[in-house]
Protein chains: 2
Amino acid sequence: MPAQAPHFSARAAQIFHALSDETRIGIVELLVGGERCVCELQDTLDAAQSRLSFHLKVLKDAGIVNDRREGRWSYYELNREAFAEAEEMVRELRPRGRRPSVRVAANGRQGECCD
Amino acid sequence: MPAQAPHFSARAAQIFHALSDETRIGIVELLVGGERCVCELQDTLDAAQSRLSFHLKVLKDAGIVNDRREGRWSYYELNREAFAEAEEMVRELRPRGRRPSVRVAANGRQGECCD
DNA sequence: TTGACATATCAATAAATATTGATACGTTAA
DNA sequence: TTAACGTATCAATATTTATTGATATGTCAA
């Protein structure tokens with residue numbers, strides 16, 4: 001069997017990439033408590049407006065956040081599903097079972113590896 | 001209180017960055033069942049040697065894998081701690097509590113946001 | 001001891017991402 | 001209406017990350 005469904009690695013890479021930047025982690029931290037307006041994020045993070053907008057788009061494209069417009073304000077909130085997905089991915093990538101106590105190469109021979 | 005310990009976001013970014021590439025996800029998938037020799041990874045992933053070595057280094061620098069040398073072979077395995085750490089990070093970034101049913105801006109005023 | 005091997009590292013380049021400043025667009029207050 | 005506002009998007013540039021081919025290093029077999 002394949003290790004994972006065909007697009008698992010692409011989706012995993014996308015989610016983890018969205019979380020691989022300190023500014024974006026900062027945004028997520030601010031959203032942990034609930035929905036926030038872009039202008040609040042801007043004040044708190046002290047980030048230039050277009051820069052913040054760029055990072056919000058990365059998060060949105062990865063499905064990490066949802067947005068909502070209200071008049072001239074935009075509100076962002078975390079998407080619970082994406083976090084469930086991320087947690088599940090970490091679990092699926094995590095080491096399973098135990099290493100054999102006697103080391104056996106995957107080709108079945110002990111202490112040898114390549115031909 | 002700060003949302004997280006001072007280096008949380010740096011460490012989170014590092015771990016997630018290590019997992020943000022399809023080739024590296026592929027490597028991790030191969031290691032899920034236990035330790036593997038570099039040459040096996042090379043055959044299975046069909047990746048150029050220096051390319052594979054580069055990605056293994058990214059994973060190693062992030063603490064995702066440990067390596068071991070035996071004669072002329074190198075073996076890599078997943079580091080359980082890093083996955084526990086990653087899982088915990090996802091949990092800490094995940095939305096908590098409930099959004100207020102009546103929307104209130106963080107500045108306490110309803111329906112308003114910025115000054 | 002010499003030569004082939006497994007792997008890491010390096011330098012050059014390519015490709016992807018991020019930052020910045022400018023502009024565009026819808027919305028609201030005056 | 002018009003002007004200021006909040007936000008998104010774009011183009012140019014800077015920065016980071018990945019790939020490639022070459023070389024270095026330690027190890028083992030002949």
Side-chain angles (χ1 to χ4, degrees), chain A residues 9-10 13-27 31 35-62 64-77 105-107 109-115, chain B residues 9-10 13-27 31 35-62 64-77 105-107 109-115:
Chain A
S9 63
Q14 183 187 35
I15 287 201
F16 294 133
H17 169 256
L19 297 174
S20 73
D21 174 279
E22 288 200 55
T23 299
R24 291 193 293 265
I25 294 285
I27 293 172
L31 298 181
E35 190 183 59
R36 293 284 180 273
C37 171
V38 168
C39 56
E40 285 182 71
L41 301 176
Q42 216 170 304
D43 290 353
T44 310
L45 294 170
D46 191 35
Q49 187 268 319
S50 66
R51 182 166 166 262
L52 179 56
S53 205
F54 167 79
H55 287 295
L56 285 169
K57 184 167 184 346
V58 173
L59 290 169
K60 184 178 167 187
D61 289 347
I64 306 270
V65 299
N66 298 127
D67 65 339
R68 173 176 77 86
R69 202 168 236 284
E70 188 174 310
R72 37 186 181 180
W73 297 292
S74 283
Y75 294 87
Y76 284 79
E77 66 177 357
N107 61 14
R109 281 174 284 156
Q110 276 191 27
E112 294 199 14
C113 178
C114 309
D115 312 320
Chain B
S9 63
Q14 183 187 35
I15 286 202
F16 294 133
H17 169 257
L19 297 174
S20 73
D21 174 279
E22 288 201 55
T23 298
R24 292 194 289 267
I25 295 285
I27 293 172
L31 298 180
E35 190 183 59
R36 293 285 181 269
C37 171
V38 168
C39 56
E40 284 181 73
L41 300 177
Q42 216 170 304
D43 289 354
T44 310
L45 294 169
D46 191 35
Q49 187 268 317
S50 65
R51 182 166 165 261
L52 179 56
S53 207
F54 167 79
H55 288 294
L56 286 169
K57 185 168 181 348
V58 173
L59 290 169
K60 184 178 166 186
D61 289 348
I64 306 270
V65 300
N66 298 127
D67 65 339
R68 171 177 76 86
R69 202 167 236 284
E70 188 173 310
R72 34 185 182 178
W73 298 292
S74 283
Y75 294 87
Y76 283 80
E77 65 176 359
N107 61 15
R109 280 174 285 157
Q110 277 190 28
E112 294 201 12
C113 180
C114 308
D115 312 319

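Bear in mind that the values here come from a model prediction, so they are computed numbers and not experimental data.
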**Student:** Atom OG of A:Ser20 and atom CD1 of A:Ile25: how far apart are they, to the nearest 0.5 Å?
**Tutor:** 8.0 Å
**Student:** With sequence neighbours left out, what residues match A:Gln14 under side-chain hydrogen bond (donor to acceptor under 3.5 Å, both in side chains)?
**Tutor:** A:Arg11
**Student:** If you take all heavy atoms of A:Ile64 and A:Ala18, which pair is closest and at what distance?
**Tutor:** CG1-CB, 4.0 Å
**Student:** Using atom CG of A:Asp61 as one end and atom P of C:dT17 as the other, report the distance to the nearest whole Å.
**Tutor:** 12 Å
**Student:** Supply the atom-to-atom distance B:Leu31 CG to B:Leu41 CG, rounded to the nearest 0.5 angstrom.
**Tutor:** 5.5 Å
**Student:** Separation of A:Ile27 atom CD1 from C:dA18 atom P, in whole Å?
**Tutor:** 11 Å
**Student:** What are the two closest heavy atoms between B:Asp67 and B:Lys60, and how far apart are they?
**Tutor:** OD2-NZ, 3.1 Å
**Student:** Between P on D:dT7 and CG on A:Asp43, what's the gap in Å once rounded to a whole number?
**Tutor:** 10 Å
**Student:** Measure the CD-OH distance between A:Glu40 and A:Tyr76 for me, rounded to the nearest 0.5 Å.
**Tutor:** 13.5 Å
**Student:** Rounded to whole Å, please give me the gap between CG in A:Leu41 and P in D:dG6.
**Tutor:** 14 Å
**Student:** Would you classify A:Ser53 as touching base, sugar-phosphate or nothing, given that sugar-phosphate means primed atoms plus P, OP1 and OP2, and contacts are heavy atoms under 4.0 Å?
**Tutor:** base
**Student:** Distance check, rounded to the nearest 0.5 Å: B:Arg36 atom CZ versus B:Glu77 atom CD?
**Tutor:** 11.0 Å
**Student:** Could you tell me the separation between the CD atom of A:Glu22 and the CD1 atom of A:Ile27, rounded to the nearest 0.5 Å?
**Tutor:** 12.5 Å
**Student:** A:Leu56 has an atom CG; how far is it from atom P of D:dG6, in whole Å?
**Tutor:** 16 Å
**Student:** What does the list of N/O pairs under 3.5 Å between the protein and nucleotides 15-19 of chain D look like, with a distance for each?
**Tutor:**
| residue | atom | partner | partner atom | Å |
| --- | --- | --- | --- | --- |
| D:dA18 | OP1 | B:Arg24 | NH1 | 3.1 |
| D:dA18 | OP1 | B:Arg24 | NH2 | 2.9 |
| D:dT19 | OP1 | B:Arg51 | NE | 3.3 |
| D:dT19 | OP1 | B:Arg51 | NH2 | 3.4 |
| D:dT19 | OP2 | B:Arg51 | NE | 3.3 |
| D:dT19 | OP2 | B:His55 | NE2 | 2.3 |

**Student:** In whole angstrom, what separates A:Leu52's CG from D:dT9's P?
**Tutor:** 13 Å
**Student:** Looking at CG of A:Asp21 and OG of B:Ser9, how far apart are the two atoms once the value is rounded to the nearest 0.5 Å?
**Tutor:** 9.5 Å
**Student:** Show the atom names and distances, to 0.1 Å, of all donor-acceptor pairs under 3.5 Å that link a side chain in residues 46-59 of chain B to residues at least two apart or in another chain.
**Tutor:**
| residue | atom | partner | partner atom | Å |
| --- | --- | --- | --- | --- |
| B:Arg51 | NH2 | B:Thr23 | OG1 | 2.9 |
| B:His55 | ND1 | B:Arg24 | NH1 | 3.0 |
| B:Lys57 | NZ | B:Asp61 | OD2 | 3.0 |

**Student:** How would you list, by chain and number, every residue that makes a ring pair (Phe, Tyr, Trp, His ring centres under 6.0 Å) with A:Phe16, sequence neighbours excluded?
**Tutor:** B:Phe16
**Student:** Need the bend value for the helix from C:dT1-D:dA30 to C:dA30-D:dT1: angle between end axes, 5 pairs each end, nearest 10°.
**Tutor:** 20°
**Student:** Walk along nucleotides 23-30 of chain C from 5' to 3' and tag each nucleotide B, S or - by protein heavy-atom contact under 4.0 Å, base first, then sugar-phosphate.
**Tutor:** ----BSS-
**Student:** Just N and O in the side chain of A:Tyr76: are any of them under 4.0 Å from OP1 or OP2 of D:dA8?
**Tutor:** yes
**Student:** Rounded to whole Å, please give me the gap between OH in B:Tyr75 and P in C:dA6.
**Tutor:** 11 Å
